[in-house]
Structures are given as C-alpha cells and as structure tokens.
Amino acid sequence: MVHQTMATSTTSASSASSKISPMTLTLLRLVSTALIVGTLAACSTPPAPSPSRPGAIPPPLPPSAMVLPGDTGPLPPPLAQPKSRWVPVRWAELPGFTEDALHEAWNAWIKSCERPAPPFTALCGDVRQLSIATADEQRAWLIARLQPYRVEATDGNAEGLLTAYYEPMMDAARQPGNGFTVPIYRVPAGLGTRKPWYTRQQIDTLPEAQAQLAGRAIAWLRDPIESMVLHIQGSGRLRIAEADGSVSVVRVAYAGTNDQPYQSVGRWLLDQGATRDATWPGIRAWLAVNPQRTNELLWSNPRYVFFREEPLNALDAGFGPRGAQGVPLTPGRSIAVDRQSIPYGTPVWLASSGPQVQLNRMVLAQDTGSAILGAVRADYFTGWGPEAGDIAGRLKQNLRLWALWPR
C-alpha cells in the first residue's frame, strides 16, 4: 500500500511554525504532556492488537476507563443525521488512538481544507500549521478541539461494512488495433437528451448508440474485464501508446454515467450459482473457464461510465483522483461514505479487522459511491498499482466509525 508524505521545505516549515500562537503552543504542550503521562500510566494493561495484523476489533472500554488527559469535560448531546445518529464518546473509546501515524491523515486533511465544509473552515488554519507538529501535539489538539461521536444506524446498530477501491493502471492505445479493441469513451454529446441513456448491452450492440459515440473514444484497452474494473472504480491511470510511438501516462476520471442502475457482476455470478468467490480474482478465474460468457457477465450490469482525460504531472501522480468532495484522494487515508450519514470533509476514526487488514486510524470522508449506502458504511481508498488492487479486490469486513466533529 502506498502512503504519500507531504514534502515541506525547511523555509516553509519555519514560516508555518512561527504562525502558531504562543497560547496555542502552550495548550498543546500541556495537554500532550498529560497525554504522554496518561499513556505511560496505562502501559500495565494488555496492549491492543498490532494495527498491521488481523484480529478482532477491541470491544469498547468500560466507562471508568474511557478518559484520556484533556478529555474530562461533560459530553454533549447526541447529533442526528438524515441516515445516522451520532453518540458522543470519550477519546479513549477509539481503538488505537494513541498509536496512529497521524501525519499521514494530516496530508488528507490538508487536501480537504482546499474545499472545507463550513463546520471545519475555522479549523483549517490550525490544521495547516500543525502539519509540522509532533504526533503528540496533533493528538492533543484533536482532543482539545474535536468531539468524537460513535456513528450508529437509527436503530442503534454501530456495526457496518468496509470495502475498498483503488485506481487501476492499464496499458492502452490511442487507436484501435493490435489487440486494443475496447474503447474508453468521453461523455456523448446527446447524453442529456435521453434519460436513462442506452444500457451497456445496447451501447455494445445498437448502431444508433454507437453512432452517438463515434469519435468520442479517449483510448482503447485490450481486455473488456479491465474496462469493467475501470468503470466500477470510477478512475484509472492509462499508459498510452501514442500514434507517434511515444508513451504517455494520463488519468481518466469519472465524468458521468448512462443513468442506468448499477448491478454487481459478482452478485450476478453468485445468484447464478456459478461461483462462491465473487472477488475480482474469483471472477477472472470463472471467466478463464467460461470465456464464451464474457458478454453475458458484462451485460448483467447495465450501468456504463464515461470519462474525461486529465494530465498526470509529478504532483498529481502522488495522490489519487478527485473524490466527490472535489479534492484529491490520499491512499490509506481517504474513504467514500454515504453523505447523508457523514458529511464530506469530516475526519473519521475507522476501526476494522478481518483476514485482509486491521485498521485503527484517522481517515477523511472525501468521496462517495453508488454502492456506499447506509450509516456505518465506507469504501477505503487503497491507492494504485497491483498491491492496492489486490487489497481492494478482496477487502470486505466489519467496520465501526466515529465522526470527529468540532466542539
């Protein structure tokens, strides 16, 4: 998994440090010192499972243990969201809170501050300044300025589902031929005149649909399953063989759909009784045995995605595509959520454990997805490349979330 660390020059670091007020520094030092002492005092208790190993999510601590230094005030009332309720808790309830590498999450938060939600606008100055602070100072500031709320469904259920997504890297060509036969299309000019637009099967087979897409291909792929992966992930990087023989790397980002409903090809296989493994590796294994049913599988999902091409300079290549919040995604620190449960730009504590990974960390709600619905539901952005794709293709495990909201 790739993690991007924000590069900061010595000059800019000194300048940022000088903007932190003496009062803020004093508060941070007092609270962070107390936090360190409190953490050391707790070392006689059994350690939590390592974040890098699978294991059960630790159960909530008993009320008597749910206090960290600096977190002693009265709890506020619960908050209601359209699809969830938020129950205030102590910071000590968050699994792994004192161990997380917060500077990684800070990179994602700085990106959110490019387009902050109103409740967080006033905090963004501190967020930028604290990008050069120690982890203990960052934790102390979180305790002082934010209140954690356990995210629950309206019936009180705090357990949910975590899946993952990534940005695939694919070989492509500007012109069809030499095995490159699967087009990646821009939005057709007549898309808005017909809603919903043609289904995936109709796009592949009807002359009138193909006529509206003539000349709209960005590039061509070799494999229709790669195309389906790109459509489901919503973005990708193409290594394109240009007409002059040069090779360029570009990003194709989500630009729209045909407004048809999304249907999972994995669910279609399960419903057919064709396989018990609906992960991408399982789907590919089934297709290797049943290549004559490729179109049947693809057409089971009528939704079709259109893309726009974006240049990919060195800075852009260090982050993912822009999510629904409008800011670039950070590998390992950005999630897609149901915005009616958690607003975009909200820092969130995520706890999930299963056969793939154990995660206890701060992330930012920066994206959404058609299948990401419900109170405790998240899609975890793993980055790009084969390793990210392998994790994203298999990750499906339990989830608990805590929204971190300004006090």
Side-chain angles (χ1 to χ4, degrees), residues 1-3 46-61 81 83-87 89-102 104-105 107-109 142 148-153 156-166 233 264 266 278-281 320 323 329-339 341-342 344 346-369 371-383 387-404:
M1 187 178 298
V2 179
H3 296 286
S50 166
S52 64
R53 291 185 171 184
I57 297 177
L61 296 172
Q81 300 292 332
K83 283 191 179 180
S84 64
R85 69 175 188 179
W86 294 3
V87 179
V89 300
R90 297 294 182 188
W91 279 95
E93 179 177 309
L94 278 54
F97 175 62
T98 58
E99 288 83 41
D100 188 28
L102 288 175
E104 297 173 0
N107 288 334
W109 201 344
L142 289 173
Y149 292 84
R150 184 174 62 249
V151 180
E152 300 179 350
N157 185 9
E159 299 292 328
L161 174 66
L162 180 69
T163 52
Y165 66 122
Y166 77 114
Q233 301 303 319
S264 165
T279 65
W280 278 112
L329 304 177
T330 302
R333 296 292 175 165
S334 297
I335 59 172
V337 296
D338 186 333
R339 66 181 303 184
S341 174
I342 301 174
Y344 296 151
T346 303
V348 175
W349 197 266
L350 179 153
S352 178
S353 182
Q356 296 301 315
V357 293
Q358 178 164 315
L359 299 169
N360 295 317
R361 56 176 51 196
M362 190 168 85
V363 295
L364 274 292
Q366 296 175 322
D367 203 4
T368 193
I372 312 306
L373 301 173
V376 189
R377 179 74 174 93
D379 215 17
Y380 178 72
F381 180 63
T382 59
E387 183 181 358
D390 184 63
I391 295 172
R394 298 178 183 276
L395 186 62
K396 189 175 184 180
Q397 57 191 47
N398 57 51
L399 174 68
R400 284 194 282 140
L401 298 173
W402 292 260
L404 311 181

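Quantities reported herein were computed from a predicted structural model and do not represent experimental measurements.
- When all heavy atoms are compared, the tightest approach of Leu162 to Ser352 is CD2-OG, 3.4 Å.
- Using modelled atom types, no side-chain atom of Glu99 and backbone atom of Asn360 make a donor-acceptor pair closer than 3.5 Å.
- With sequence neighbours excluded, the residues that form a side chain to side chain contact (heavy atoms under 4.5 Å, CB included) with Val337 are Ile335, Ile342, Ala365.
- Applying the salt bridge (charged side-chain N to carboxylate O under 4.0 Å, His left out) test to Asp379 and every residue at least two apart in sequence or in another chain returns nothing.
- For Trp349 (side chain) and Pro95 (main-chain N/O), a donor-acceptor pair under 3.5 Å exists by modelled atom type.
- The CZ atom of Arg400 sits 8.5 Å away from the CZ atom of Arg150 when rounded to the nearest 0.5 Å.
- When side chains are defined from C-beta on, Met362 counts as touching Trp109, because their heavy atoms get closer than 4.5 Å.
- Trp86 is linked by a side chain to side chain donor-acceptor pair (under 3.5 Å) to Ser84, counting only residues two or more places apart in sequence or in another chain.
- Smallest separation of non-hydrogen atoms from Leu364 and Ala105: CD2-O, 3.8 Å.
- Scanning both residues, Ser341 and Ala375, for their nearest heavy atoms gives OG-O, 2.8 Å.
- Nearest heavy atom pair, residue Gln366 against residue Leu329, reads CB-CD2, 3.9 Å.
- For Arg85, the side chain to side chain contact (heavy atoms under 4.5 Å, CB included) partners are Val87, Glu152, not counting sequence neighbours.
- The side chain to side chain contact (heavy atoms under 4.5 Å, CB included) check on Ala392 picks up Ala164, Tyr166, Thr382, with sequence neighbours excluded.
- In this structure, CG in Leu401 is found 10.0 Å from CD in Glu159, a value given to the nearest 0.5 Å.
- Taking OG1 from Thr368 and CG from Leu373, the interatomic distance works out to 7.5 Å, rounded to the nearest 0.5 Å.
- Considering only heavy atoms from C-beta on, Val348 stays 4.5 Å or farther from Val151 through its side chain.
- To the nearest 0.5 Å, atoms CG (Leu142) and CZ (Phe97) are separated by 5.0 Å.
- The side chain to side chain donor-acceptor pair (under 3.5 Å) search around Tyr165 returns Asp367, not counting sequence neighbours.
- Side-chain contact between Asn157 and Val376: absent, with no pair of heavy atoms (C-beta onward) separated by less than 4.5 Å.
- Thr279 is linked by a side chain to side chain donor-acceptor pair (under 3.5 Å) to Asp277, counting only residues two or more places apart in sequence or in another chain.
- Side chain of Asp338 to backbone of Gly374: a donor-acceptor contact under 3.5 angstrom is found.
- Taking every heavy atom of both residues into account, Thr330 and Glu104 meet most closely at CG2-O, 4.4 Å.
- Take Asp390 and apply the side chain to side chain contact (heavy atoms under 4.5 Å, CB included) test, not counting sequence neighbours, and it matches Arg394.
- In terms of modelled atom types and a separation under 3.5 Å, the side chain of Arg361 and the main chain of Gly332 share a donor-acceptor contact.
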